[in-house]
Amino acid sequence: MSDTAYPRPQLVREHWQSLNGQWKFTFDNDRKYEHPSDPIQWTHDIKVPFPPESQASGVGDRGFHRGCWYQREFDITPDDGRVLLHFGAVDYQATVWVNGHRVTEHEGGHSSFYADITNALGEQSRHVVTVHVQDDPQDLSKPRGKQDWQLEPHSIWYPRTTGIWQAVWLEKVPHTYIRKLRWTPHFEGFEIGCETFVTGEVEEDLSVEVKISHGSKMLADDHYKIIGGEAHRKIALSDPGIDDSRNELLWSPEHPTLLDVDITLWHKDKVIDKVKSYTALRSVNINRDRFMLNGRPYHLRLVLDQGYWPDTLLSAPSDDALRRDVELAKAMGFNGVRKHQKIEDPRYLYWADRLGLLVWEEMPSSYRFTPQAIQRMVKEWSEVIDRDYSHPCIIVWVAFNESWGVPNLTSMQAHRNAVEALYHLTRTLDSTRPVIGNDGWEASATDLLGIHDYDGDPERLAARYSSAASQELFDRRRPGGRILTLDGYPHRGQPIILTEFGGITYAKEPEPGVKNVWGYSMADSDQEFFNSYRRLLEVVNETPMFSGFCYTQFADTFQEANGLLRADRSPKLPLADIYAATRNVKPNAKAQYGV
């Protein structure tokens, strides 16, 4: 990841320092070490934030490892303020020391955390940070997404990720500072909800100034008093009225309008903190059987995105690589992605915000049902929603996928309770977005009905989801061999979205080191691959029952060679042809496989 890409793009300060780069590293499978003062034998240098299983890290060890240690020196001179140490994500349990002082602990492999390390710095300028990570590779009761518990990746699971896999960075803040912002668009009133949270040495007579602009045009310039460390306001914008004028300010994939924000924290007449942010005005909701964006029916054309790279695994190779993934999804005709079993780096969400790509955010699954597994999911999912709440690109939260971690939904009330609890928790933490309780089948509490169906025959798909077959679909048919809705939860008219289908395997060239290429159906030539994709997309685009679809998948991911792109993101077919098929329009006459 680039050291110049600000890791938290919706709350930006001037004074920060990246700690990505070379660290000392060693595995510690037998828990030989307990403290940085122990005689740790550093066996490797590792390039953070790439996990040790990745080639880019310089370690490239994909064996079973229960623990590891990191250490590096850094320079920062304490001055009149505080110093915060941030971790984008560390998988799974992290303990952090600075200069031998324990500064924080965190559990959860996909959520961010930080520590105020000021009191550990002393007066010197040279410091040492040490991180101990515990990550049992065979623990199926922790949220782990697509990380395989077998030694070699199999079926739809991939290499593990241990330890640090997102940015590490330092930030200088005042003694009293803006800790968090929350942006909530209120489309109906043409308003932006602004919540400011202040921490530190909170004093009386604090106020916050909020300036919102669009280009050179100032939209709002307001002052609010901080009470109890918080300020909560709705900022009304001038409603242009007619759609043509409104659309200049509304965010959508076609017009990703972002509003720039400058926020200043005042103590009486003295400025004590300044941050930059951005927000957007848009709405997402359900109206009968349609998904709605900005008050109008919107057809979702999504692609399933695993978010892996061959040499860096869950970590992105660079900020440019994240931007390129967003650009490629749009270039292939999709208006959104379903980030599958991964909580993506905030920099990806930033590019989706800025370039205009809808994102479904999905909680990585655990694979056992235990009280500990559910407690872990609740904690981590709550942290994830809190971190990513303000990104306009996120339009749907997905709590469970294909009954993973709750395998007995049809027979055990406790499993059903877990899905319903996560659904209602999510709706409580964010009442502005639709929520899917369990995507794929066996739905209960849900705002959208997601169906997974990998039947490769377009005619059978067309017949199965025709208007005439709608009642039989829920009463008798079982795509994937599973019932679509649980007893007591009949389809209530929610939008139906084919959230997984396709999965056409086409390995033009074998990926290095990949064995046993896998997929749902096969193609043996460019022409066959294009024809199969085009016909499937024609059917799902023209099926009135569907309010949208999500094709499997964006890019080849290790043994799963069913991507529209190879693992290195090079397209298997001309992008113009993929775009035309995705949108169900006649392709460019110059395209090689046009029909």
Side-chain angles (χ1 to χ4, degrees), residues 9-10 182-188 192-193 247 249-259 278-305 307 325-326 329-330 333-346 348-363 381 384-401 422-423 426-439 446-450 494-500 546-551 554:
Q10 283 193 296
R182 263 171 65 107
W183 298 108
T184 306
H186 298 280
F187 168 77
E188 292 78 8
I192 299 287
N247 290 340
L249 280 184
L250 297 181
W251 186 96
S252 69
E254 294 73 27
H255 302 283
T257 301
L258 296 181
L259 308 179
Y278 67 85
T279 184
L281 189 61
R282 67 103 183 91
S283 69
V284 291
N285 62 286
I286 303 304
N287 189 344
R288 298 185 182 179
D289 65 342
R290 294 295 117 178
F291 175 86
M292 308 289 284
L293 177 67
N294 297 333
R296 300 289 183 268
Y298 192 87
H299 196 71
L300 297 170
R301 293 182 173 91
L302 312 179
V303 64
L304 190 80
D305 186 354
D325 273 12
V326 172
K330 290 176 70 73
F334 298 101
N335 54 31
V337 295
R338 177 175 162 227
K339 277 291 178 177
H340 190 37
Q341 290 296 295
K342 180 187 182 184
I343 304 303
E344 194 51 272
D345 191 295
Y348 181 92
L349 300 177
Y350 166 79
W351 287 118
D353 289 339
R354 184 154 296 281
L355 300 178
L357 188 70
L358 306 174
V359 175
W360 286 26
E361 189 148 295
E362 178 181 313
M363 180 63 195
W381 188 225
V384 164
I385 293 171
D386 183 60
R387 189 197 76 174
D388 293 343
Y389 174 93
S390 297
H391 285 281
C393 67
I394 296 176
I395 60 163
V396 172
W397 302 109
V398 182
F400 287 90
N401 173 72
L422 265 293
Y423 166 83
T426 307
R427 291 288 292 167
T428 300
L429 296 176
D430 181 5
S431 62
T432 71
R433 294 175 171 95
V435 177
I436 293 181
N438 181 39
D439 192 40
T446 194
D447 298 323
L448 299 162
L449 188 65
Q494 305 104 310
I496 299 172
I497 300 176
L498 192 63
T499 45
E500 285 189 30
F546 296 145
S547 188
F549 60 79
C550 180
Y551 180 80
F554 176 73

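With hydrogens and angles ignored, the 3.5 Å screen pairs no side-chain donor or acceptor of N285 with any backbone N or O of N294. Judged by distance alone, with hydrogens and angles left aside, the side-chain atoms of R338 form no donor-acceptor pair with the main-chain N or O of E361 at under 3.5 Å. Without hydrogens or angle criteria, R301 side chain to F549 main chain gives no donor-acceptor distance under 3.5 Å. Checked by atom type and distance alone, the side chain of S431 never pairs as donor or acceptor with a backbone atom of R427 at under 3.5 Å. Although no hydrogens or angles enter the test, the distance criterion places a donor-acceptor pair under 3.5 Å between the side chain of S390 and the main chain of W183. Remark: the backbone N or O of T446 is paired with a side-chain donor or acceptor of Q494 at under 3.5 angstrom. Judged purely by atom type and a 3.5 angstrom limit, E362 has no side-chain atom pairing as donor or acceptor with the backbone of V398.
Applying the ring pair (Phe, Tyr, Trp, His ring centres under 6.0 Å) criterion to Y298, with sequence neighbours excluded, gives no partner residue. In this structure, the ring pair (Phe, Tyr, Trp, His ring centres under 6.0 Å) partners of W397, at least two apart in sequence or on a different chain, are W381.
Of all non-hydrogen atoms in R288 and I286, the two that sit nearest each other are O-CG2, 3.5 Å.
One side chain, Y278 or D353, offers a donor N or O that lies under 3.5 Å from an acceptor on the other.
The cationic group of K339 lies under 6.0 Å from the six-membered ring centre of Y348 and within 45° of the ring axis, placing it in a cation-pi geometry.
Taking 4.0 Å as the cut-off between side-chain N and carboxylate O, D447 and R433 do not count as a salt-bridged pair.
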